K.L.:
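Following this message is one structure expressed as structure tokens.
Computed from heavy atoms alone, side chains included, the values below leave out hydrogens, waters and symmetry copies. We count ligands from 1, going down the list as the structure has it; atoms in each ligand are counted the same way. Everything numeric in this text was worked out from a predicted model, so none of it was measured. Numbers here simply count residues along the sequence, with the first being 1.
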Amino acid sequence: MTDTASQPRVLIFDTTLRDGEQSPGATMTHEEKLEIAGLLDEMGVDVIEAGFPIASDGDFAAVSEIAKRAKNSTICGLARANLRDIDRAWEAVKHAKSPRIHTFIGTSPLHRAIPNLDMDQMAERIHDTVSHARNLCDNIQWSPMDATRTEPDYLCRVVEIAIKAGATTINIPDTVGYTYPMESAKIIRMLLERVPGADEIIFATHCHNDLGMATANSLAAVEAGARQIECTINGLGERAGNTALEEVVMALRVRNDILPFRTGIDTTKIMHLSRRVSTVSGFVVQPNKAIVGKNAFVHESGIHQDGVLKNVETFEIMKPEHIGLTVKNIAMGKHSGRAALRAKLKELGVELADNQLNDVFVRFKALADRKKEVYDEDLVALVSDEQTNDAHEFLQLKKLRVICGTEGPNEAEMTLTIDGVDHQIDCTGDGPVDAAFMCVKQLFPHSARLQVYQVHAVTEGTDAQATVSVRLEEDGRIVTGSSADTDTIVASTKAYINALNRLIVRRQKTAPGEDTKTVTYHG
Ligand SMILES: CC(=O)SCCNC(=O)CCNC(=O)[C@H](O)C(C)(C)COP(=O)(O)OP(=O)(O)OC[C@H]1O[C@@H](n2cnc3c(N)ncnc32)[C@H](O)[C@@H]1OP(=O)(O)O
Ligand SMILES: CC(C)C(=O)C(=O)O
Ligand SMILES: [Mg+2]
């Protein structure tokens, strides 16, 4: 067993709540951001980039609250290279035990052209803004956006200026996922060799996955001397996403023989965080996703199964328990009690208060009555549904009956509770889901457009639970909703209602002082 304690430490900087949230449609609510930040803090993430405080009042509020609550992690706010952004970021993070301001500007020729600054003018802007940030806070991160397409000499020049102005971490972003491992390493080595003062600060690597090389590029940068990796849970992020936290952390653990670096991450919390981020962002994890995909530890073919049964290491390079995926054989069904449910959920990394467990138990029994076997994935969907739907209950589905089949018309009969009052309606539609959605629209008129509607089977068989994700857009606000049920139409309707509840909260946030109830319900 390798003694990792003496190995150099690589800091893990999680930007799920900032770069991750920049994925179109991944917007998270205030409560969801607090929950995810709490889980990241518990997992041992060194720095949480909690948002971009100047971007909106909502972002400012989330970063401020996360800063106040964080127990261990440094809390970082992003700012452009201007004094207003930096002041706003500082206002948001200053109550953290350990605050950080992260300021950036695009340094490549393409990006210098946007603000129309020449090399000297940009150098001056970097000096002024980093100095201003350093006067507010001791912990300053500076990023030359699009560093991998910046001329090497100019990159060295601006990094030196930022260090002299007080930056304590220099992040090298591969903003458009353009670099490849050898080049990623070469840039870090060049900066360490050529820039005066480089050995006194920490170099970070921030990679995007446009060519599928984000993890490889991050690890190559670490080998060359970077000591902070910027990443997101499930690789969420702009376009093809950012480096996935679970991939780099597990790579450093599994290949510690050739990458002798340690992190402070409790890897057993990875699976739970992955599931929560997937649920709140509405981004389903692909089954073959490294580390956290549903199939990552599943063997289907005979030769593999035979090998694994004889010696699990034949086809597994890490243990599922290392990421919090404990596969024990407690079979859950209609005869199981609360103790078994609690134990099973604990195995799955979910710990609930007694009242929450009771709620989940009632729903578990209802599911077990309808399903022969309740699988781990069913339970996760059930709990996620509980946690997702917990906060916003302005609209609630009370009753739904649907008539559908080859002989039209497809008809839905619905009772919807709106702000505590029951409303009923019958509607026809182009299919059962359309008929059910029509009922919601008639009872709760709104102008939100359905952008995405996705159905996934959680487990196998015709009695599997379906999880449904929907994405709605209204006046530029994008929200997602999800739900799970053995009945696809019920799951669809609940997911739609879940998204509408989130939209109501968003409308309230963007129109402070207005009463959501009177603003949104015209039925
Ligand atoms: C690679 C990255 O991930 S960078 C982070 C990207 N994230 C985001 O943009 C999410 C949050 N952004 C927002 O909410 C908005 O873009 C805001 C509030 C920041 C700015 O909104 P607006 O004032 O309407 O500006 P808009 O978004 O249209 O354009 C961006 C402006 O920032 C300027 N800008 C962009 N980057 C920088 C920078 N690093 N430093 C200084 N100015 C910058 C652009 O030149 C442009 O300025 P202009 O309006 O004078 O032409
Ligand atoms: C803000 C910067 C660091 C960024 O996200 C990027 O360049 O990708
Ligand atoms: Mg980025």
K.L.:
If you measure every N or O of D19 against every N or O of ligand 2, does any of those distances drop under 3.5 Å?
P.N.:
yes

K.L.:
For F394, does its backbone N or O pair with a side-chain atom of N501 as donor and acceptor, under 3.5 Å?
P.N.:
yes

K.L.:
Dump all N/O pairs between ligand 1 and the protein below 3.5 Å as a table: atom names plus distance, one pair per row.
P.N.:
residue, atom, partner, partner atom, Å
ligand 1, 3 (O), R18, NH1, 3.1
ligand 1, 3 (O), Q22, NE2, 3.1
ligand 1, 7 (N), Q22, OE1, 3.0
ligand 1, 32 (O), R80, NH1, 2.7
ligand 1, 39 (N), F104, O, 2.7
ligand 1, 40 (N), A81, N, 2.9

K.L.:
Return all side-chain donor-acceptor pairs below 3.5 angstrom for residues 197-204, not counting sequence neighbours, or 'none' if the list is empty.
P.N.:
none

K.L.:
Can you name the atoms of ligand 2, numbered from 1 with element, that are less than 4.0 Å from a heavy atom of H208?
P.N.:
8 (O)

K.L.:
Side-chain contact test, heavy atoms from C-beta onward, threshold under 4.5 Å: evaluate it for I126 versus I161 and give yes or no.
P.N.:
yes

K.L.:
On a heavy-atom basis, I'd like to know which of M145, R239, R18, E238 is closest to atom 5 (O) of ligand 2.
P.N.:
R18

K.L.:
Residues in side chain to side chain contact (heavy atoms under 4.5 Å, CB included) with A55, at least two apart?
P.N.:
F52, D59

K.L.:
Under 3.5 Å between any N/O of T175 and any N/O of ligand 2: does that happen in this structure?
P.N.:
yes

K.L.:
Taking all non-hydrogen atoms of both residues, which atom of I101 and which atom of A89 are closest, and how far apart?
P.N.:
CG2-CB, 4.3 Å

K.L.:
Checking R88 against F60: charged group under 6.0 Å from the ring centre and within 45 degrees of the axis?
P.N.:
yes

K.L.:
Less than 4.0 angstrom from a charged side-chain N to a carboxylate O is my criterion; do E32 and R502 meet it?
P.N.:
yes

K.L.:
With a distance cut-off below 6.0 Å to the six-membered ring centre and an angular limit of 45° from the axis, does R227 pair with F261 as a cation-pi contact?
P.N.:
no

K.L.:
When you check the side-chain N and O atoms of E49 and T15, is any donor under 3.5 Å from an acceptor?
P.N.:
yes

K.L.:
Does S143, backbone or side chain, put an N or O under 3.5 Å from an N or O of ligand 2?
P.N.:
no

K.L.:
Mind checking how many protein N/O/S atoms fall short of 2.8 Å from the Mg ion (ligand 3)?
P.N.:
3

K.L.:
Answer whether the closest heavy-atom distance between the side chains of T267 and R253 falls below 4.5 Å.
P.N.:
yes

